[in-house]
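Please read the structure below before turning to the comments.
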Amino acid sequence: MLNSYLVFAILIVFGIGCLIGIIPVIQNFPFPVGYDSINYYLPALYDLNSNPVIGGTLFPVYVFLVYSFHLVSFSDLYLAFNVVNIVLYGSLSITTFLLFTAVLRQSVNKSILFTIFVILQLSALRMAWDLHRDILALVCLNLSLVTLNHFRSNHFNKSAVLQYVTISVLYLATLFSDRMMGVLLIISSIFFSIRFKLLLLITINLLLLTLFLTYFFLLDDITFVSVGLNPVDTLVNPVYNKNSLSPYDLLVLQLSLYGILIPFFIVGFLKKSNSLILKIPTLVTILLSFSWLLIPNHSYLVPERWIILSGFFVSIFGIYGFFLVADRLVNSKLRNLVSVLFVSSFMAYGILFIVLPYGIVFTIPSIFQTQTGLTIPLSMSFNSLEISKNQDLVNSIDWINTHTRNNAEIIGTLHWRGWFHLFLEKPRQYIFSETVSLPSNYSKIDKNGTTLDDNLKTKIDLKCGKAEDDTNTNSISENERNIYLIDSKSAHYDNYSSYPIVYDSEYIHIYEIPDLICGRSLFN
(Lines give C-alpha, C1' and ligand atoms only; values in the text may rest on other atoms or scores of the structure.)
Protein backbone atom coordinates (compact mmCIF):
# COMPACT_ATOMS: atom_id res chain seq x y z
CA MET A 1 0.00 0.00 0.00
CA LEU A 2 2.81 2.37 0.88
CA ASN A 3 4.58 1.74 -2.42
CA SER A 4 1.44 2.43 -4.43
CA TYR A 5 0.82 5.60 -2.44
CA LEU A 6 4.44 6.64 -3.03
CA VAL A 7 3.98 6.17 -6.78
CA PHE A 8 0.76 8.18 -6.60
CA ALA A 9 2.58 10.95 -4.71
CA ILE A 10 5.32 11.00 -7.34
CA LEU A 11 2.70 11.38 -10.07
CA ILE A 12 1.10 14.24 -8.12
CA VAL A 13 4.33 16.22 -7.74
CA PHE A 14 5.26 15.51 -11.36
CA GLY A 15 1.89 16.80 -12.54
CA ILE A 16 2.16 19.93 -10.38
CA GLY A 17 5.68 20.59 -11.67
CA CYS A 18 4.53 20.22 -15.28
CA LEU A 19 1.56 22.51 -14.60
CA ILE A 20 3.90 25.18 -13.24
CA GLY A 21 6.11 24.75 -16.29
CA ILE A 22 3.29 24.93 -18.81
CA ILE A 23 1.57 28.09 -17.49
CA PRO A 24 4.11 30.64 -18.80
CA VAL A 25 4.44 28.72 -22.08
CA ILE A 26 0.70 28.86 -22.76
CA GLN A 27 0.35 32.39 -21.43
CA ASN A 28 3.04 33.77 -23.77
CA PHE A 29 2.66 31.43 -26.76
CA PRO A 30 3.84 31.54 -29.54
CA PHE A 31 6.78 33.53 -28.18
CA PRO A 32 9.51 31.93 -26.07
CA VAL A 33 9.92 32.59 -22.36
CA GLY A 34 13.42 33.46 -21.16
CA TYR A 35 16.43 35.46 -22.32
CA ASP A 36 18.68 32.47 -23.03
CA SER A 37 15.78 30.70 -24.74
CA ILE A 38 15.82 33.15 -27.64
CA ASN A 39 19.51 34.10 -27.58
CA TYR A 40 21.11 30.71 -26.98
CA TYR A 41 18.98 27.57 -26.89
CA LEU A 42 16.75 28.08 -29.93
CA PRO A 43 19.57 29.26 -32.22
CA ALA A 44 21.68 26.28 -31.06
CA LEU A 45 18.83 23.87 -31.75
CA TYR A 46 18.08 25.22 -35.21
CA ASP A 47 21.79 25.19 -36.04
CA LEU A 48 22.27 21.60 -34.90
CA ASN A 49 22.23 20.18 -38.42
CA SER A 50 25.26 22.29 -39.29
CA ASN A 51 27.07 21.45 -36.05
CA PRO A 52 26.08 17.88 -35.11
CA VAL A 53 29.23 17.05 -33.13
CA ILE A 54 28.63 19.15 -30.03
CA GLY A 55 25.34 20.84 -30.76
CA GLY A 56 26.93 24.27 -30.74
CA THR A 57 27.88 24.05 -27.06
CA LEU A 58 30.54 22.59 -24.79
CA PHE A 59 27.80 20.92 -22.70
CA PRO A 60 25.48 19.39 -25.31
CA VAL A 61 23.25 16.95 -23.39
CA TYR A 62 20.27 19.32 -23.18
CA VAL A 63 20.44 20.33 -26.85
CA PHE A 64 20.68 16.70 -27.96
CA LEU A 65 17.83 15.75 -25.64
CA VAL A 66 15.48 18.29 -27.21
CA TYR A 67 16.60 17.49 -30.73
CA SER A 68 16.23 13.74 -30.17
CA PHE A 69 12.69 14.23 -28.86
CA HIS A 70 11.97 16.35 -31.92
CA LEU A 71 13.13 13.52 -34.21
CA VAL A 72 11.41 10.70 -32.32
CA SER A 73 8.09 12.50 -31.87
CA PHE A 74 8.09 14.00 -35.40
CA SER A 75 7.11 17.26 -33.73
CA ASP A 76 7.99 20.83 -34.55
CA LEU A 77 11.38 21.73 -33.03
CA TYR A 78 9.96 24.69 -31.10
CA LEU A 79 7.17 22.50 -29.74
CA ALA A 80 9.73 19.87 -28.71
CA PHE A 81 11.71 22.59 -26.94
CA ASN A 82 8.68 23.62 -24.87
CA VAL A 83 7.56 20.06 -24.12
CA VAL A 84 11.00 19.02 -22.88
CA ASN A 85 11.22 22.11 -20.64
CA ILE A 86 7.82 21.36 -19.12
CA VAL A 87 8.71 17.72 -18.47
CA LEU A 88 12.07 18.74 -17.01
CA TYR A 89 10.38 20.95 -14.45
CA GLY A 90 8.07 18.09 -13.57
CA SER A 91 11.17 15.90 -13.22
CA LEU A 92 12.80 18.48 -10.96
CA SER A 93 9.68 18.29 -8.82
CA ILE A 94 10.06 14.50 -8.56
CA THR A 95 13.74 14.62 -7.62
CA THR A 96 13.04 17.31 -5.01
CA PHE A 97 10.35 15.07 -3.55
CA LEU A 98 12.87 12.20 -3.40
CA LEU A 99 15.36 14.41 -1.56
CA PHE A 100 12.74 15.03 1.12
CA THR A 101 11.65 11.40 1.43
CA ALA A 102 14.98 9.60 1.00
CA VAL A 103 17.48 12.07 2.45
CA LEU A 104 15.56 14.18 4.98
CA ARG A 105 13.31 11.22 5.89
CA GLN A 106 10.05 13.15 5.74
CA SER A 107 6.62 11.60 5.41
CA VAL A 108 5.07 11.34 1.96
CA ASN A 109 2.43 13.99 2.72
CA LYS A 110 4.98 16.45 4.10
CA SER A 111 7.29 15.77 1.18
CA ILE A 112 4.53 16.67 -1.29
CA LEU A 113 3.89 19.95 0.51
CA PHE A 114 7.59 20.73 0.87
CA THR A 115 8.20 19.99 -2.82
CA ILE A 116 5.45 22.34 -3.99
CA PHE A 117 6.91 25.02 -1.72
CA VAL A 118 10.41 24.60 -3.20
CA ILE A 119 9.45 24.55 -6.89
CA LEU A 120 7.43 27.74 -6.42
CA GLN A 121 10.41 29.61 -4.96
CA LEU A 122 11.81 32.45 -7.04
CA SER A 123 15.20 30.76 -7.29
CA ALA A 124 13.70 27.61 -8.88
CA LEU A 125 11.39 29.63 -11.14
CA ARG A 126 14.31 31.80 -12.22
CA MET A 127 16.10 28.66 -13.42
CA ALA A 128 12.94 27.49 -15.16
CA TRP A 129 12.71 30.88 -16.91
CA ASP A 130 15.71 30.34 -19.16
CA LEU A 131 18.36 28.13 -17.50
CA HIS A 132 17.02 24.93 -19.05
CA ARG A 133 20.40 23.24 -19.14
CA ASP A 134 20.75 23.94 -15.42
CA ILE A 135 17.36 22.35 -14.73
CA LEU A 136 18.39 19.16 -16.56
CA ALA A 137 21.71 19.06 -14.71
CA LEU A 138 20.00 19.74 -11.38
CA VAL A 139 17.64 16.82 -11.99
CA CYS A 140 20.66 14.56 -12.60
CA LEU A 141 22.45 16.03 -9.58
CA ASN A 142 19.47 15.38 -7.30
CA LEU A 143 19.20 11.79 -8.52
CA SER A 144 22.93 11.40 -7.88
CA LEU A 145 22.51 12.69 -4.32
CA VAL A 146 19.60 10.31 -3.67
CA THR A 147 21.67 7.39 -5.01
CA LEU A 148 24.79 8.41 -3.05
CA ASN A 149 22.72 8.59 0.13
CA HIS A 150 22.48 4.76 0.04
CA PHE A 151 26.27 4.33 -0.11
CA ARG A 152 27.56 3.55 3.35
CA SER A 153 30.10 0.73 2.96
CA ASN A 154 32.55 -0.89 0.56
CA HIS A 155 30.57 -4.14 0.59
CA PHE A 156 30.47 -5.38 -3.00
CA ASN A 157 27.57 -7.42 -4.42
CA LYS A 158 25.15 -7.33 -7.35
CA SER A 159 23.17 -4.53 -5.77
CA ALA A 160 26.35 -2.49 -5.24
CA VAL A 161 27.36 -3.03 -8.88
CA LEU A 162 24.00 -1.62 -10.01
CA GLN A 163 24.43 1.35 -7.70
CA TYR A 164 27.89 2.15 -9.00
CA VAL A 165 26.79 1.81 -12.62
CA THR A 166 23.81 4.07 -11.93
CA ILE A 167 25.91 6.70 -10.19
CA SER A 168 28.48 6.66 -13.00
CA VAL A 169 25.80 7.26 -15.64
CA LEU A 170 24.27 10.06 -13.56
CA TYR A 171 27.71 11.58 -13.08
CA LEU A 172 28.34 11.65 -16.82
CA ALA A 173 24.89 13.10 -17.55
CA THR A 174 25.47 15.84 -14.98
CA LEU A 175 29.04 16.62 -16.06
CA PHE A 176 28.10 17.02 -19.71
CA SER A 177 24.90 18.93 -19.02
CA ASP A 178 26.29 21.90 -17.15
CA ARG A 179 29.66 23.10 -15.89
CA MET A 180 28.46 24.40 -12.52
CA MET A 181 26.46 21.31 -11.63
CA GLY A 182 29.34 19.10 -12.67
CA VAL A 183 31.73 20.93 -10.36
CA LEU A 184 29.19 20.82 -7.54
CA LEU A 185 28.59 17.07 -7.93
CA ILE A 186 32.29 16.21 -8.06
CA ILE A 187 33.10 18.25 -4.94
CA SER A 188 30.12 16.82 -3.03
CA SER A 189 30.85 13.24 -4.04
CA ILE A 190 34.56 13.46 -3.18
CA PHE A 191 33.81 14.79 0.31
CA PHE A 192 31.13 12.15 0.83
CA SER A 193 33.31 9.27 -0.38
CA ILE A 194 36.20 10.37 1.87
CA ARG A 195 33.88 10.74 4.86
CA PHE A 196 32.60 7.15 4.52
CA LYS A 197 35.87 5.74 3.13
CA LEU A 198 34.25 4.47 -0.06
CA LEU A 199 37.36 3.49 -2.00
CA LEU A 200 35.62 2.50 -5.24
CA LEU A 201 33.60 5.70 -5.23
CA ILE A 202 36.80 7.70 -4.65
CA THR A 203 38.30 5.98 -7.68
CA ILE A 204 35.26 6.75 -9.83
CA ASN A 205 35.33 10.37 -8.66
CA LEU A 206 38.98 10.77 -9.60
CA LEU A 207 38.49 9.17 -13.02
CA LEU A 208 35.50 11.35 -13.83
CA LEU A 209 37.24 14.42 -12.45
CA THR A 210 40.17 13.75 -14.77
CA LEU A 211 37.80 13.24 -17.71
CA PHE A 212 35.88 16.42 -16.92
CA LEU A 213 38.97 18.59 -16.49
CA THR A 214 40.60 17.23 -19.64
CA TYR A 215 37.48 17.85 -21.68
CA PHE A 216 36.93 21.26 -20.14
CA PHE A 217 40.47 22.58 -20.52
CA LEU A 218 40.77 21.33 -24.09
CA LEU A 219 37.51 22.81 -25.35
CA ASP A 220 36.64 25.69 -23.01
CA ASP A 221 36.55 29.06 -24.74
CA ILE A 222 34.37 31.24 -22.50
CA THR A 223 35.70 31.10 -18.93
CA PHE A 224 38.69 32.74 -17.28
CA VAL A 225 40.84 29.64 -17.86
CA SER A 226 40.58 30.13 -21.64
CA VAL A 227 42.02 33.64 -21.90
CA GLY A 228 45.57 32.39 -22.31
CA LEU A 229 46.82 34.00 -19.12
CA ASN A 230 47.58 32.94 -15.58
CA PRO A 231 44.11 32.07 -14.19
CA VAL A 232 45.02 33.43 -10.76
CA ASP A 233 46.18 36.71 -12.28
CA THR A 234 42.96 36.90 -14.28
CA LEU A 235 40.92 36.66 -11.09
CA VAL A 236 42.84 39.25 -9.07
CA ASN A 237 44.43 41.71 -11.50
CA PRO A 238 42.32 44.89 -11.95
CA VAL A 239 43.31 44.95 -15.63
CA TYR A 240 40.99 42.00 -16.29
CA ASN A 241 38.10 43.27 -14.21
CA LYS A 242 34.76 42.96 -16.03
CA ASN A 243 32.42 42.87 -13.03
CA SER A 244 28.92 43.93 -14.04
CA LEU A 245 27.57 43.40 -10.52
CA SER A 246 29.13 44.99 -7.46
CA PRO A 247 29.44 43.19 -4.11
CA TYR A 248 26.53 45.34 -2.90
CA ASP A 249 24.42 44.23 -5.88
CA LEU A 250 25.17 40.59 -5.15
CA LEU A 251 24.35 40.92 -1.47
CA VAL A 252 21.04 42.62 -2.28
CA LEU A 253 20.29 39.88 -4.81
CA GLN A 254 20.94 37.18 -2.24
CA LEU A 255 18.92 38.77 0.56
CA SER A 256 16.00 39.71 -1.70
CA LEU A 257 15.87 36.25 -3.22
CA TYR A 258 15.69 34.17 -0.03
CA GLY A 259 16.61 36.38 2.94
CA ILE A 260 13.32 35.63 4.70
CA LEU A 261 14.17 31.91 4.77
CA ILE A 262 17.65 32.30 6.29
CA PRO A 263 16.60 31.90 9.98
CA PHE A 264 14.63 28.74 9.16
CA PHE A 265 17.42 27.51 6.90
CA ILE A 266 19.87 27.72 9.81
CA VAL A 267 17.52 25.68 12.01
CA GLY A 268 17.03 23.02 9.33
CA PHE A 269 20.67 22.88 8.28
CA LEU A 270 21.99 22.51 11.83
CA LYS A 271 19.49 19.78 12.69
CA LYS A 272 21.36 16.54 13.42
CA SER A 273 20.35 14.03 10.79
CA ASN A 274 21.75 11.71 8.13
CA SER A 275 21.47 14.41 5.47
CA LEU A 276 25.20 14.98 4.96
CA ILE A 277 24.92 14.24 1.24
CA LEU A 278 22.50 17.17 0.92
CA LYS A 279 24.35 19.49 3.27
CA ILE A 280 27.60 19.30 1.32
CA PRO A 281 26.30 20.79 -1.99
CA THR A 282 24.26 23.31 -0.01
CA LEU A 283 27.36 24.54 1.78
CA VAL A 284 29.41 24.57 -1.44
CA THR A 285 26.84 26.67 -3.34
CA ILE A 286 26.60 29.16 -0.47
CA LEU A 287 30.39 29.51 -0.25
CA LEU A 288 30.70 30.04 -4.01
CA SER A 289 27.87 32.57 -3.96
CA PHE A 290 30.07 34.62 -1.61
CA SER A 291 33.15 34.37 -3.86
CA TRP A 292 32.99 38.15 -4.28
CA LEU A 293 34.30 38.49 -0.71
CA LEU A 294 37.70 37.07 -1.72
CA ILE A 295 37.95 37.36 -5.52
CA PRO A 296 38.28 40.90 -6.95
CA ASN A 297 37.27 39.88 -10.49
CA HIS A 298 34.42 37.75 -9.21
CA SER A 299 32.35 37.89 -12.39
CA TYR A 300 34.49 35.08 -13.85
CA LEU A 301 33.07 32.78 -11.13
CA VAL A 302 29.46 33.89 -11.81
CA PRO A 303 28.44 34.36 -8.16
CA GLU A 304 24.96 35.46 -9.27
CA ARG A 305 24.37 32.01 -10.76
CA TRP A 306 25.59 30.36 -7.56
CA ILE A 307 23.22 32.60 -5.59
CA ILE A 308 20.29 31.37 -7.69
CA LEU A 309 21.34 27.74 -7.28
CA SER A 310 21.97 28.13 -3.55
CA GLY A 311 18.41 29.45 -3.26
CA PHE A 312 17.14 26.02 -4.31
CA PHE A 313 19.01 24.26 -1.49
CA VAL A 314 18.30 27.01 1.04
CA SER A 315 14.57 26.64 0.36
CA ILE A 316 14.79 22.87 1.00
CA PHE A 317 16.34 23.32 4.43
CA GLY A 318 14.27 26.49 4.96
CA ILE A 319 10.89 24.76 4.75
CA TYR A 320 12.29 21.82 6.73
CA GLY A 321 13.51 24.19 9.45
CA PHE A 322 10.25 26.13 9.51
CA PHE A 323 8.26 23.02 10.34
CA LEU A 324 10.81 22.07 12.99
CA VAL A 325 10.05 25.44 14.61
CA ALA A 326 6.30 25.21 14.01
CA ASP A 327 6.11 21.74 15.55
CA ARG A 328 7.28 23.23 18.84
CA LEU A 329 4.07 25.24 19.12
CA VAL A 330 1.92 23.55 21.74
CA ASN A 331 -1.39 24.84 20.42
CA SER A 332 -2.22 22.66 17.42
CA LYS A 333 -4.67 25.18 15.94
CA LEU A 334 -2.09 27.94 16.10
CA ARG A 335 0.52 25.62 14.62
CA ASN A 336 -1.73 24.73 11.69
CA LEU A 337 -2.71 28.37 11.10
CA VAL A 338 0.89 29.59 11.10
CA SER A 339 1.94 26.76 8.79
CA VAL A 340 -0.87 27.39 6.31
CA LEU A 341 -0.21 31.14 6.21
CA PHE A 342 3.53 30.68 5.77
CA VAL A 343 3.35 28.09 3.01
CA SER A 344 0.40 29.63 1.13
CA SER A 345 1.97 33.10 1.10
CA PHE A 346 5.15 31.77 -0.52
CA MET A 347 3.13 29.74 -3.02
CA ALA A 348 1.04 32.79 -3.98
CA TYR A 349 4.26 34.79 -4.31
CA GLY A 350 5.66 32.29 -6.81
CA ILE A 351 2.41 31.96 -8.76
CA LEU A 352 2.17 35.74 -9.17
CA PHE A 353 5.73 35.81 -10.50
CA ILE A 354 4.61 33.30 -13.15
CA VAL A 355 1.32 34.83 -14.27
CA LEU A 356 1.58 38.60 -13.86
CA PRO A 357 2.46 40.62 -16.96
CA TYR A 358 5.90 42.14 -17.19
CA GLY A 359 6.40 45.57 -15.64
CA ILE A 360 4.57 45.14 -12.33
CA VAL A 361 6.84 45.60 -9.32
CA PHE A 362 5.74 43.18 -6.62
CA THR A 363 8.57 40.73 -5.83
CA ILE A 364 11.29 41.76 -3.39
CA PRO A 365 14.03 41.55 -6.10
CA SER A 366 11.92 43.77 -8.38
CA ILE A 367 11.87 46.48 -5.70
CA PHE A 368 15.67 46.59 -6.04
CA GLN A 369 15.78 46.56 -9.86
CA THR A 370 18.95 48.65 -9.97
CA GLN A 371 20.82 45.82 -8.21
CA THR A 372 18.91 42.74 -9.40
CA GLY A 373 17.60 43.74 -12.83
CA LEU A 374 20.41 42.00 -14.72
CA THR A 375 19.67 38.70 -12.96
CA ILE A 376 16.00 38.40 -11.99
CA PRO A 377 13.21 39.51 -14.39
CA LEU A 378 10.15 41.30 -13.06
CA SER A 379 8.07 38.30 -14.11
CA MET A 380 8.35 35.28 -16.39
CA SER A 381 6.57 37.09 -19.26
CA PHE A 382 9.83 38.30 -20.75
CA ASN A 383 12.62 37.11 -23.04
CA SER A 384 14.99 39.69 -24.49
CA LEU A 385 12.20 42.24 -24.44
CA GLU A 386 8.62 42.33 -23.20
CA ILE A 387 6.47 39.60 -24.73
CA SER A 388 3.96 42.22 -25.88
CA LYS A 389 6.68 43.69 -28.14
CA ASN A 390 7.84 40.39 -29.67
CA GLN A 391 5.48 40.45 -32.64
CA ASP A 392 6.57 43.99 -33.45
CA LEU A 393 10.20 42.88 -33.58
CA VAL A 394 9.37 39.89 -35.78
CA ASN A 395 7.42 42.17 -38.13
CA SER A 396 10.40 44.53 -38.25
CA ILE A 397 12.73 41.71 -39.28
CA ASP A 398 10.21 40.61 -41.91
CA TRP A 399 10.19 44.17 -43.27
CA ILE A 400 13.99 44.07 -43.48
CA ASN A 401 13.86 40.78 -45.37
CA THR A 402 11.45 42.15 -47.98
CA HIS A 403 12.55 45.80 -48.27
CA THR A 404 16.34 45.75 -48.07
CA ARG A 405 18.99 44.47 -50.44
CA ASN A 406 20.78 41.21 -49.88
CA ASN A 407 23.96 43.00 -48.81
CA ALA A 408 22.17 44.97 -46.07
CA GLU A 409 23.85 45.29 -42.68
CA ILE A 410 21.62 45.87 -39.66
CA ILE A 411 23.01 47.48 -36.51
CA GLY A 412 21.17 46.67 -33.30
CA THR A 413 21.39 45.64 -29.68
CA LEU A 414 23.20 42.56 -28.44
CA HIS A 415 19.97 41.42 -26.78
CA TRP A 416 18.17 40.90 -30.12
CA ARG A 417 20.85 38.76 -31.71
CA GLY A 418 18.83 35.55 -31.30
CA TRP A 419 15.82 36.97 -33.11
CA PHE A 420 17.93 38.05 -36.09
CA HIS A 421 19.85 34.77 -36.08
CA LEU A 422 16.56 32.89 -36.46
CA PHE A 423 14.58 35.19 -38.76
CA LEU A 424 16.96 37.42 -40.76
CA GLU A 425 17.40 36.11 -44.30
CA LYS A 426 21.00 35.64 -45.41
CA PRO A 427 23.29 37.06 -46.66
CA ARG A 428 22.05 40.09 -44.73
CA GLN A 429 24.10 40.60 -41.57
CA TYR A 430 23.13 41.62 -38.07
CA ILE A 431 25.82 43.64 -36.31
CA PHE A 432 25.17 43.98 -32.60
CA SER A 433 26.82 46.34 -30.19
CA GLU A 434 25.83 47.89 -26.89
CA THR A 435 28.00 50.93 -27.51
CA VAL A 436 26.97 52.01 -31.00
CA SER A 437 26.61 55.78 -30.70
CA LEU A 438 25.82 57.91 -33.72
CA PRO A 439 26.18 61.66 -33.01
CA SER A 440 23.17 63.87 -33.63
CA ASN A 441 25.12 65.93 -36.20
CA TYR A 442 26.22 62.83 -38.10
CA SER A 443 25.12 64.08 -41.53
CA LYS A 444 27.11 67.30 -41.09
CA ILE A 445 30.39 65.73 -39.95
CA ASP A 446 33.36 66.25 -42.22
CA LYS A 447 33.93 63.15 -44.33
CA ASN A 448 37.43 62.79 -42.95
CA GLY A 449 36.30 62.99 -39.34
CA THR A 450 36.63 60.17 -36.83
CA THR A 451 33.81 61.15 -34.47
CA LEU A 452 31.91 57.88 -34.64
CA ASP A 453 32.37 55.45 -31.77
CA ASP A 454 35.42 53.18 -32.13
CA ASN A 455 33.27 50.14 -31.47
CA LEU A 456 31.11 50.98 -34.47
CA LYS A 457 34.22 51.21 -36.64
CA THR A 458 35.26 47.70 -35.69
CA LYS A 459 31.77 46.26 -36.00
CA ILE A 460 31.13 47.52 -39.55
CA ASP A 461 33.37 46.24 -42.32
CA LEU A 462 34.01 49.21 -44.57
CA LYS A 463 35.75 47.40 -47.41
CA CYS A 464 34.49 48.20 -50.87
CA GLY A 465 32.78 45.66 -53.05
CA LYS A 466 29.53 43.87 -53.61
CA ALA A 467 28.02 41.90 -50.73
CA GLU A 468 28.65 38.19 -50.93
CA ASP A 469 25.95 36.16 -52.72
CA ASP A 470 24.11 39.34 -53.72
CA THR A 471 21.53 38.13 -56.20
CA ASN A 472 19.53 41.35 -56.40
CA THR A 473 18.84 42.06 -60.06
CA ASN A 474 18.57 45.81 -59.54
CA SER A 475 21.49 47.96 -60.55
CA ILE A 476 23.56 48.48 -57.39
CA SER A 477 26.78 50.40 -57.19
CA GLU A 478 29.60 48.13 -56.09
CA ASN A 479 30.70 50.85 -53.70
CA GLU A 480 27.37 51.33 -52.02
CA ARG A 481 26.74 50.09 -48.50
CA ASN A 482 23.23 49.32 -47.24
CA ILE A 483 23.29 50.01 -43.52
CA TYR A 484 20.32 50.33 -41.19
CA LEU A 485 19.93 50.79 -37.48
CA ILE A 486 17.08 49.18 -35.54
CA ASP A 487 16.20 50.39 -32.09
CA SER A 488 13.40 50.55 -29.57
CA LYS A 489 11.56 53.86 -29.58
CA SER A 490 11.88 54.18 -25.84
CA ALA A 491 15.64 53.67 -25.85
CA HIS A 492 17.35 56.18 -28.15
CA TYR A 493 14.58 57.89 -30.10
CA ASP A 494 16.03 61.41 -29.66
CA ASN A 495 19.58 60.31 -30.48
CA TYR A 496 18.72 59.19 -34.01
CA SER A 497 16.01 61.73 -34.86
CA SER A 498 18.12 63.29 -37.64
CA TYR A 499 18.29 60.05 -39.66
CA PRO A 500 15.60 58.99 -42.13
CA ILE A 501 13.10 56.56 -40.61
CA VAL A 502 12.29 53.84 -43.12
CA TYR A 503 10.15 51.70 -40.80
CA ASP A 504 7.92 52.95 -38.01
CA SER A 505 5.93 50.67 -35.72
CA GLU A 506 4.43 50.94 -32.26
CA TYR A 507 7.64 50.03 -30.45
CA ILE A 508 10.43 50.00 -33.04
CA HIS A 509 12.10 52.34 -35.50
CA ILE A 510 14.43 51.37 -38.32
CA TYR A 511 16.74 54.12 -39.52
CA GLU A 512 18.68 54.21 -42.77
CA ILE A 513 22.30 55.21 -42.23
CA PRO A 514 23.36 57.00 -45.46
CA ASP A 515 26.74 58.14 -46.76
CA LEU A 516 28.73 55.09 -45.66
CA ILE A 517 30.08 54.62 -49.17
CA CYS A 518 33.65 53.81 -50.12
CA GLY A 519 35.45 56.92 -51.27
CA ARG A 520 33.51 59.17 -48.93
CA SER A 521 33.34 57.12 -45.76
CA LEU A 522 33.70 58.92 -42.47
CA PHE A 523 36.71 56.82 -41.68
CA ASN A 524 38.90 57.54 -44.72
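Ring pair His415/Tyr35: centre-to-centre distance below 6.0 Å.
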When you look at Phe317 and Phe313, which way does the ring-ring contact (aromatic ring centres under 6.0 Å, His included) test go after all the steps?
CA-CA 7 Å; Phe317 282 104; Phe313 292 104; 8.3 Å; no
Could you go step by step and tell me if Ile319 and Phe346 meet the side-chain contact (heavy atoms from CB on, under 4.5 Å) rule?
CA-CA 10 Å; Ile319 187 63; Phe346 272 93; over 6 Å; no
Start with the C-alpha gap between Phe323 and Gln106, add the side-chain angles, then the distance that decides, and say whether side-chain contact (heavy atoms from CB on, under 4.5 Å) holds.
CA-CA 11 Å; Phe323 272 84; Gln106 297 300 293; over 6 Å; no
For the pair Leu145 and Leu99, evaluate side-chain contact (heavy atoms from CB on, under 4.5 Å) and give the outcome as yes or no after the intermediate values.
CA-CA 8 Å; Leu145 297 179; Leu99 288 177; 4.2 Å; yes
Check against side-chain contact (heavy atoms from CB on, under 4.5 Å), Ile186 and Leu208:
CA-CA 8 Å; Ile186 288 174; Leu208 290 176; 5.6 Å; no
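Side chain to side chain, Ser246 and Asp249 meet the donor-acceptor criterion of an N or O pair below 3.5 Å. Ser384 and Trp419 are linked by a side-chain donor-acceptor pair at a separation below 3.5 angstrom, with hydrogens and angles left out of the test. Side-chain contact of Tyr258 with Ser310: a donor-acceptor pair under 3.5 Å is present, judged by distance alone. Checking Ser37 against Asp130 by side-chain atom types alone, no donor-acceptor pair falls below 3.5 Å.
Applying the side-chain hydrogen bond (donor to acceptor under 3.5 Å, both in side chains) test to every pair with at least one member in residues 198-214, sequence neighbours left out, gives these pairs: Tyr171-Asn205, Ser189-Asn205, Ser193-Asn205. Identified under the ring pair (Phe, Tyr, Trp, His ring centres under 6.0 Å) test for residues 80-102, with sequence neighbours left out: Phe81-His132, Phe100-Phe114.
Scanning both residues, Val61 and Ala173, for their nearest heavy atoms gives CG2-O, 4.2 Å. Residues Thr115 and Ser93 come closest through the heavy atom pair CG2-O, 3.2 Å. Taking each heavy atom of Leu250 and Ile307 in turn, the nearest pair found is O-CD1, 3.5 Å. Taking all atoms of both residues into account, the shortest heavy-atom contact from His70 to Ser75 is ND1-O, 2.6 Å. Here the closest heavy-atom approach between residue Gly418 and residue Asn39 is recorded as N-OD1, 2.9 Å. For the pair Tyr67 and Leu48, the tightest heavy-atom approach, listed with the atom from each and the gap, is CG-CD2, 2.9 Å.
Of the possible polar contacts, none joining the Asn241 side chain to the Asn297 backbone as a donor-acceptor pair under 3.5 Å is found. Remark: the backbone N or O of Ala128 is not paired with any side-chain donor or acceptor of Asn85 at under 3.5 angstrom. Side chain of Asn28 to backbone of Ile387: no donor-acceptor contact under 3.5 angstrom is found. Panel note: side chain Trp292, backbone Leu251; no donor-acceptor pair is recorded below 3.5 Å. In this structure, Trp416 contributes its side chain and Leu385 its backbone to no donor-acceptor pair below 3.5 Å. In this structure, Ser379 contributes its side chain and Leu356 its backbone to a donor-acceptor pair below 3.5 Å. With Asn243 contributing its side chain and Pro296 its backbone, the two residues share a donor-acceptor pair below 3.5 Å. In terms of modelled atom types and a separation under 3.5 Å, the side chain of Asp178 and the main chain of Thr174 share no donor-acceptor contact. With hydrogens and angles ignored, the 3.5 Å screen pairs a side-chain donor or acceptor of Tyr78 with a backbone N or O of Pro30. The closest donor-acceptor contact from the side chain of Ser188 to the backbone of Leu185 lies at 3.5 Å or more, if one exists at all.
Scanning for side-chain hydrogen bond (donor to acceptor under 3.5 Å, both in side chains) contacts around Thr363 gives Ser366, with sequence neighbours left out. Contacts of Lys271 classified as salt bridge (Lys or Arg N to Asp or Glu O under 4.0 Å), with partners at least two apart in sequence or in another chain: none. Qualifying side chain to side chain contact (heavy atoms under 4.5 Å, CB included) partners for Phe264, counting only residues two or more places apart in sequence or in other chains: Phe322, Val325, Phe342. Partners of Arg305 under the salt bridge (Lys or Arg N to Asp or Glu O under 4.0 Å) rule, at least two apart in sequence or in another chain, are Asp134.
Environment of CZ in Phe8: sparse, with no more than 12 heavy atoms of neighbouring residues, nucleotides or ligands closer than 6.0 Å. Remark: Leu422 CG is packed, more than 12 non-hydrogen atoms of other residues, nucleotides or ligands lying under 6.0 Å away. Counting heavy-atom neighbours within 6.0 Å of Phe191 CZ, excluding the residue itself, gives a total of 12 or less.
Tyr41 and Tyr62 have perpendicular rings, their planes meeting at more than 60° on a 0 to 90° scale where under 30° would count as parallel.
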